[in-house]
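These values consider heavy atoms only, across backbone and side chains, with no hydrogens, waters or symmetry-generated copies. As the structure lists them, so they are numbered: ligands from 1, and atoms in each ligand from 1.
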Amino acid sequence: MNSKKMQICTSILVLVLFSVFSSLEAELQVGFYNYSCPSAEKIVREEVALAFATNPGIAPGLVRLHFHDCFVRGCDGSVLIDSTTNNTAEKDSPANNPSLRGFEVIDNAKKRIEARCKKTVSCADILAFAARDSVKITQGLFYSVPSGRRDGRISLTADAFPNLPGPQLHLNLLNTSFLSKGLSLDDMVVLSGAHTIGRSHCTTLTQVDNRLYNFSGTNGPDPTLNSTYAAQLQQACPQASTDTTTVVPMDPDTPLKTDTRYYANILANKGLFTSDHALLTDPTTASSVKRFAKDKLFWLNKFTAAMVKMGKIQVLEGTDGEIRLNCRVIN
Ligand code: HEM
Ligand SMILES: *[C@@H]1O[C@H](CO)[C@@H](O)[C@H](O)[C@H]1NC(C)=O
Ligand SMILES: *[C@@H]1O[C@H](CO)[C@@H](O)[C@H](O)[C@H]1NC(C)=O
Ligand SMILES: *[C@@H]1O[C@H](CO)[C@@H](O)[C@H](O)[C@H]1NC(C)=O
Ligand SMILES: *[C@@H]1O[C@H](CO)[C@@H](O)[C@H](O)[C@H]1NC(C)=O
Ligand SMILES: *[C@@H]1O[C@H](CO)[C@@H](O)[C@H](O)[C@H]1NC(C)=O
């Protein structure tokens with residue numbers, strides 16, 4: 001081979017290698033850890049199952065944790081970082097504290113994974129897997145989670161409120177919030193169905209979304225809330241109470257089942273938050289609510305697809321960010 005040919009061959013090789021590497025960096029992949037840490041997803045599944053057996057509430061907790069991770073600085077595990085003397089982290093914003101739960105499940109999985117595959121599997125991926133396993137274990141559907149996320153190195157309490165939609169929001173601002181993350185109005189309606197599992201703190205209902213008492217100065221509850229349900233909620237959540245330990249289920253009928261009861265509740269004016277009831281205030285979203293209420297498999301397929309889409313918000317890939325050793329601490 002002469003030197004000219006050699007040069008051309010080298011150039012081609014460099015180009016091929018470059019495109020292989022940039023395609024690896026470009027996108028998350030299902031089975032990203034097939035070779036580097038084949039037991040990663042299994043370990044997460046086992047830890048979710050173990051925790052669920054003693055406290056099933058961790059399943060909704062982990063689904064919400066992934067959502068709150070993705071909406072603040074992208075799905076980069078930033079919600080898992082602990083505050084330090086110098087920095088108050090996302091998780092300590094009132095939008096997250098004391099309501100978020102499930103952190104220990106991520107810690108336990110991370111510990112076992114680190115013991116097998118040092119500094120290989122990101123905390124952001126562990127959280128995405130754990131949310132998936134939580135959907136499955138609450139009788140939803142299994143879905144494949146593209147992985148290869150890297151962990152972020154920034155977590156600021158000030159980022160939480162501006163990026164997380166509040167329960168007092170009406171449709172136009174919910175729409176805006178999701179659009180700003182690259183998610184559609186339909187994704188918003190579909191993902192809100194996650195409220196078919198889990199709980200709300202009473203303080204969220206008495207101090208943030210004021211539907212139960214003196215709604216808009218009326219001295220009564222929100223008239224769009226079923227009055228029997230409103231009375232039950234008032235019993236559970238006394239006015240002006242600041243007790244942060246009292247909680248109510250968001251779907252009292254099947255609080256631990258990923259089903260479509262959430263949408264049926266909304267149709268019966270028993271959506272818990274203003275943001276839940278808001279789905280009835282536009283003809284398009286209202287017709288989706290009706291369709292989802294009737295067809296669990298239709299909704300579940302859309303839900304799992306929307307979870308995958310949510311899991312891709314502003315992810316760090318390739319050599320960006322880091323792989324944390326401890327999900328609570330920046331390396
Ligand atoms: C559409 C805008 C949304 C709003 C305004 C909203 C708001 C809330 C609020 C206020 C709570 C109760 C927190 C508490 O006081 O304990 C909650 C709980 C929950 N949210 Fe959302 N959320 C929204 C969307 C989502 C999405 C997209 C998901 C996941 C895909 C999700 C999953 C959950 C889950 C599973 C819980 C229960 C958590 C637990 O039991 O620990 N939410 N949400
Ligand atoms: C990992 O293995 C699974 C199952 O065999 C396969 O579906 C997936 O495409 C593989 N992913 C990679 C990146 O090798
Ligand atoms: C906090 O900031 C001080 C001064 O900049 C620094 O010396 C210290 O190491 C920091 N502590 C932590 C936990 O980051
Ligand atoms: C959602 O926002 C988009 C973009 O601003 C707008 O075109 C659409 O009408 C909005 N939909 C609702 C129901 O607010
Ligand atoms: C109810 O709200 C109105 C208007 O915000 C306020 O003027 C009134 O004092 C409130 N009533 C009670 C009992 O708190
Ligand atoms: C509210 O719900 C109860 C059942 O919990 C039902 O009997 C009642 O008819 C509902 N009220 C309205 C106004 O729909």
Go ahead and list the nitrogen or oxygen contacts between ligand 1 and the protein that come in under 3.5 Å, distances to 0.1 Å, or just say none.
| residue | atom | partner | partner atom | Å |
| --- | --- | --- | --- | --- |
| ligand 1 | 15 (O) | H201 | N | 2.9 |
| ligand 1 | 15 (O) | T204 | OG1 | 2.5 |
| ligand 1 | 16 (O) | H201 | N | 3.2 |
| ligand 1 | 16 (O) | H201 | ND1 | 2.7 |
| ligand 1 | 20 (N) | H195 | NE2 | 3.0 |
| ligand 1 | 22 (N) | H195 | NE2 | 2.8 |
| ligand 1 | 40 (O) | R101 | NH2 | 2.8 |
| ligand 1 | 40 (O) | R199 | N | 3.0 |
| ligand 1 | 41 (O) | R101 | NE | 2.7 |
| ligand 1 | 41 (O) | R101 | NH2 | 3.4 |
| ligand 1 | 42 (N) | H195 | NE2 | 2.9 |
| ligand 1 | 43 (N) | H195 | NE2 | 2.9 |

Write out each pair where an N or O from ligand 4 and one from the protein are under 3.5 Å apart, with the distance.
| residue | atom | partner | partner atom | Å |
| --- | --- | --- | --- | --- |
| ligand 4 | 2 (O) | N175 | ND2 | 2.4 |
| ligand 4 | 11 (N) | N175 | ND2 | 2.8 |
| ligand 4 | 14 (O) | N175 | ND2 | 3.1 |

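- Atom numbering of ligand 5 starts at 1 in the shown order; those under 4.0 Å from a heavy atom of N219 are 11 (N), 12 (C), 13 (C).
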Might you work through the side chain to side chain donor-acceptor pair (under 3.5 Å) test for D186 and S184, ending with a clear yes or no?
-> CA-CA 5 Å; D186 188 51; S184 67; 5.1 Å; no
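- Here the straight-line distance linking atom CD1 of I126 with atom SG of C327 works out to 5.0 Å at 0.5 Å rounding.
- Using a 30° and 60° split on the angle between ring planes, F67 and F178 fall in the parallel class, below 30°.
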Which is it for T224 and D222 under the side chain to side chain donor-acceptor pair (under 3.5 Å) test, yes or no, and what are the steps along the way?
-> CA-CA 5 Å; T224 65; D222 182 344; 2.8 Å; yes
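- Once rounded to the nearest 0.5 Å, the distance linking OG of S200 with CG of D209 reads 8.5 Å.
- Salt-bridge formation is not detected for the pair D259/K296: no Lys NZ or Arg NE/NH1/NH2 atom is positioned less than 4.0 Å from an Asp or Glu carboxylate oxygen.
- Of the candidates K91, E90, H68, N96 forms a side-chain hydrogen bond (donor to acceptor under 3.5 Å, both in side chains) with just one, namely H68.
- In the model, D125 has a side-chain atom that pairs as donor or acceptor with a side-chain atom of Y33 under 3.5 Å.
- With hydrogens and angles left out, the side-chain atoms of T254 and D251 include a donor and acceptor closer than 3.5 Å.
- Y262 and D276 are linked by a side-chain donor-acceptor pair at a separation below 3.5 angstrom, with hydrogens and angles left out of the test.
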